[in-house]
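The basis for the numbers below is simple: all heavy atoms, side chains too, and nothing from hydrogens, waters or symmetry mates.
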Amino acid sequence: MSAPCEPRATAPASAPPVPPVRSATTTAPAPAARRPALDWRIRFAGLSLIWGFSFLLIKVGTEGYAPFQVTFGRLLAGTAVLVAAMAMRRERLPRSARTWGHLTVAALLLNALPFSLFSYAELTIPSTLAGICNATSPLWGMALSVVALSEDRPTRRRVAGLGVGFLGVLTVLGAWQGFSGLDLPGTAMALLASFCYPVGWIYVRRTLAGTGSSTLALTGSQLCLATAQLAVVTPLFTSAPTSFPLLPTLSVLALGALGTGLAVLLQYGLVQEVGPTTAQMVTYFIPVIATAAGVALLGEQLSWNTPVGALVVLVGAALTQSRPRRTAATAPPPAPAPESSLPATPAPGPPPVEPSGRGPRPPQP
């Protein structure tokens with residue numbers, strides 16, 4: 001609200017000039033945003049751990065529940081966290097039927113389908129391999145941006161990163177050995193799950209920009225729809241559980257409340273505070289943490305090509321997200337702030353990257 005005009009007092013001749021009084025039409029400066037209680041580095045580390053451990057939690061969850069049940073449980077718990085956050089902040093749900101229609105597709109591509117694929121994949125592949133497959137998402141995003149996003153033409157460095165990244169994938173899979181000892185269906189499902197994220201974000205970028213709703217409202221609505229989708233699908237493929245084993249149950253609840261709920265809120269806050277470029281760096285820690293957790297806590301075995309290939313994948317992913325430096329003369333004028341942000345991707349894998357493969361789409365492992 002603007003400050004009212006005040007009458008000017010006549011200043012003596014020797015007095016310094018009186019500064020002009022702000023008119024009633026002048027916009028008052030916005031109050032400074034409150035600094036979060038926890039330093040962003042602590043929240044960054046927490047987000048890395050949460051998403052890195054998500055693949056271990058999926059593995060433990062599938063030891064007591066069917067894959068669709070794991071996905072439904074995590075979505076239900078994650079939705080409860082975001083709905084509570086929306087209620088505390090008094091966020092309004094989208095009102096447009098068109099927006100809800102697009103959110104239904106986004107919920108399938110960014111939540112219901114990839115979460116289910118990862119759960120099925122980890123029935124037959126180690127959680128370490130699932131975490132590394134998840135790190136290929138920026139590579140798929142880069143490849144798709146060449147076809148789907150005409151305004152985002154790749155540079156030579158980014159094309160080179162794409163080649164390096166997929167060379168790392170072949171190294172992880174042991175292509176020179178004819179993929180011997182590898183469960184191809186499970187690995188294919190994990191790679192397909194990672195492919196879903198950039199496809200979903202291209203769709204979101206094209207359909208949900210400028211809806212007038214906040215990121216939290218869109219994300220919460222998207223998760224509600226994904227939960228409804230799993231509520232319909234799960235009974236068709238599984239029967240109701242006859243028991244609730246403690247460790248798998250706790251794993252599913254933690255996977256949803258932390259990896260699909262709290263992690264989205266953490267990432268959203270990081271993007272606001274330090275920007276998407278810094279926030280998206282969490283992507284590079286996820287496969288490292290997933291591998292360490294799988295080996296240390298689940299006793300999963302590693303051959304030399306798995307960590308080496310994972311490192312090559314991360315180098316390629318970093319190259320695909322690099323942008324040419326702009327000088328002051330070539331940099332475009334700053335764009336006005338958008339009316340609303342795009343929804344985040346709560347996931348069991350890395351934080352969502354933009355459809356161009358450049359950085360966080362503000363989610364999820």
Exercise. Please check if any side-chain donor atom of Thr260 sits under 3.5 Å from a side-chain acceptor atom of Arg74, or the reverse.
Key: yes
Quiz item: Other than Val295, which residues form its hydrophobic cluster under the rule that side-chain heavy atoms must be closer than 4.5 Å?
Solution: Leu302
Self-check item: Pairing residues for Leu225 by the side-chain contact (heavy atoms from CB on, under 4.5 Å) criterion, not counting sequence neighbours
Solution: Trp100, Leu103, Thr104, Ala107
Exercise. Report the distance from atom CZ of Phe118 to atom OG1 of Thr71, rounding to the nearest 0.5 Å.
Key: 11.0 Å
Quiz item: What are the two closest non-hydrogen atoms of Gly141 and Pro198, and how far apart are they?
Solution: CA-CB, 3.4 Å
Quiz prompt | Pairs involving residues 232-252, ordered by first then second residue, that meet ring-ring contact (aromatic ring centres under 6.0 Å, His included) (sequence neighbours left out) | solution = Phe68-Phe237
Quiz prompt | From CG (Leu223) to CG (Leu110), nearest 0.5 Å | solution = 10.0 Å
Exercise. Answer yes or no: is there a side-chain heavy-atom contact under 4.5 Å between Leu218 and Thr99?
Key: yes
Practice problem: Report yes if some heavy atom in the side chain of Phe55 is under 4.5 Å from a heavy atom in the side chain of Ile286; otherwise report no. | Solution: yes
Practice problem: Dump the intermediate steps for side-chain hydrogen bond (donor to acceptor under 3.5 Å, both in side chains) on Thr227 and Thr79, then the final yes or no. | Solution: CA-CA 8 Å; Thr227 304; Thr79 300; 2.9 Å; yes
Self-check item: Criterion side-chain contact (heavy atoms from CB on, under 4.5 Å) on Thr62 and Tyr120, from CA distance to verdict
Solution: CA-CA 8 Å; Thr62 56; Tyr120 270 101; over 6 Å; no
Practice problem: Provide the closest heavy-atom pair for Ile132 versus Ala310 in the form atom of the first, atom of the second, distance. | Solution: CD1-CB, 3.8 Å
Exercise. Working to the nearest 0.5 Å, report the span between CD of Gln267 and CD1 of Ile50.
Key: 11.5 Å
Exercise. With rounding to the nearest 0.5 Å, note down the distance linking CD1 in Ile58 to OG in Ser119.
Key: 5.0 Å
Self-check item: Close side-chain approach of Val83 to Cys224, heavy-atom, < 4.5 Å
Solution: yes
Quiz item: Just by distance, do the side chain of Trp51 and the backbone of Gly259 share a donor-acceptor pair under 3.5 Å?
Solution: yes
Quiz item: How about Ser213 and Arg92: do any of their side-chain heavy atoms sit closer than 4.5 Å?
Solution: no
Exercise. For the pair Thr136 (side chain) and Leu139 (backbone), establish whether a donor and an acceptor sit closer than 3.5 Å, ignoring hydrogens and angles.
Key: no
Self-check item: Candidate pair Phe72 and Phe115, rule side-chain contact (heavy atoms from CB on, under 4.5 Å), full reasoning
Solution: CA-CA 9 Å; Phe72 176 67; Phe115 290 2; over 6 Å; no
Exercise. Check the pair Val172 / Val169 against side-chain contact (heavy atoms from CB on, under 4.5 Å), numbers first and verdict last.
Key: CA-CA 5 Å; Val172 170; Val169 173; 5.7 Å; no
Quiz item: Would you say Leu314 and Phe285 are hydrophobically clustered, going by side-chain heavy atoms of ILVMFWY under 4.5 Å?
Solution: yes
Quiz item: Looking only at heavy atoms, what is the nearest atom pair of Gln222 and Ala106, with distance?
Solution: OE1-CB, 3.9 Å
Exercise. Please name the pair of heavy atoms, one in Cys133 and one in Thr187, separated by the smallest distance, quoted to 0.1 Å.
Key: SG-CG2, 4.3 Å
Quiz item: Does the side-chain contact (heavy atoms from CB on, under 4.5 Å) test come out yes or no for Gln69 and Thr234, once each step is laid out?
Solution: CA-CA 6 Å; Gln69 292 172 340; Thr234 301; 4.0 Å; yes
Quiz item: If you group Ile, Leu, Val, Met, Phe, Trp and Tyr whenever their side-chain heavy atoms sit less than 4.5 Å apart, what else falls in with Leu250?
Solution: Leu246
Exercise. Sequence neighbours left out, what passes side-chain contact (heavy atoms from CB on, under 4.5 Å) with Ala85? Give chain and number order.
Key: Leu216, Leu265
Quiz item: Should Phe195 and Leu170 be counted in the same cluster of Ile, Leu, Val, Met, Phe, Trp and Tyr side chains packed under 4.5 Å apart?
Solution: no
Quiz item: With side chains defined as the heavy atoms from C-beta onward, is the minimum distance between Pro67 and Ser116 less than 4.5 Å?
Solution: no
Quiz item: Counting distance only, does the side-chain N/O of Arg43 pair as donor-acceptor with the main-chain N or O of Leu38 below 3.5 Å?
Solution: yes
Quiz item: Closest approach of Ala318 and Tyr284, non-hydrogen atoms and distance?
Solution: CA-OH, 3.2 Å
Quiz item: Taking only residues at least two apart or on different chains, which pairs with a member in residues 304-313 satisfy side-chain hydrogen bond (donor to acceptor under 3.5 Å, both in side chains)?
Solution: Ser303-Asn305
Self-check item: Side chain to side chain, Phe44 and Ser48, heavy atoms closer than 4.5 Å
Solution: yes
Quiz item: Sub-3.5 Å donor-acceptor pair from the side chain of Lys59 to the main-chain atoms of Ile125, do we have one?
Solution: yes
Quiz item: Within a strict 4.5 Å, meaning less than it, do heavy atoms of the Phe53 and Leu297 side chains meet?
Solution: yes
Quiz item: Distance from Leu253 atom CG to Leu76 atom CG, nearest 0.5 Å?
Solution: 9.0 Å
Quiz item: Out of curiosity, does Leu167 fall in the hydrophobic cluster containing Val159 (side-chain heavy atoms, cut-off under 4.5 Å, transitive links)?
Solution: no
Self-check item: Heavy-atom pair with the smallest gap, counting every atom of Ala135 and Pro287
Solution: CB-CG, 4.0 Å
Quiz item: Rounded to the nearest 0.5 Å, what separation is found between the CG atom of Leu311 and the OG1 atom of Thr171?
Solution: 10.5 Å
Quiz item: For residues Thr238 and Tyr65, is any side-chain donor paired with an opposing acceptor at under 3.5 Å?
Solution: no
Quiz item: Does one side chain, of Ser127 or Glu300, offer a donor that lies under 3.5 Å from an acceptor on the other?
Solution: yes
Quiz item: Less than 4.5 Å apart, any side-chain heavy atom of Pro185 and any of Thr124?
Solution: no
Quiz item: Between the side chain of Ser243 and the main-chain N/O of Pro245, is any donor-acceptor distance below 3.5 Å?
Solution: no
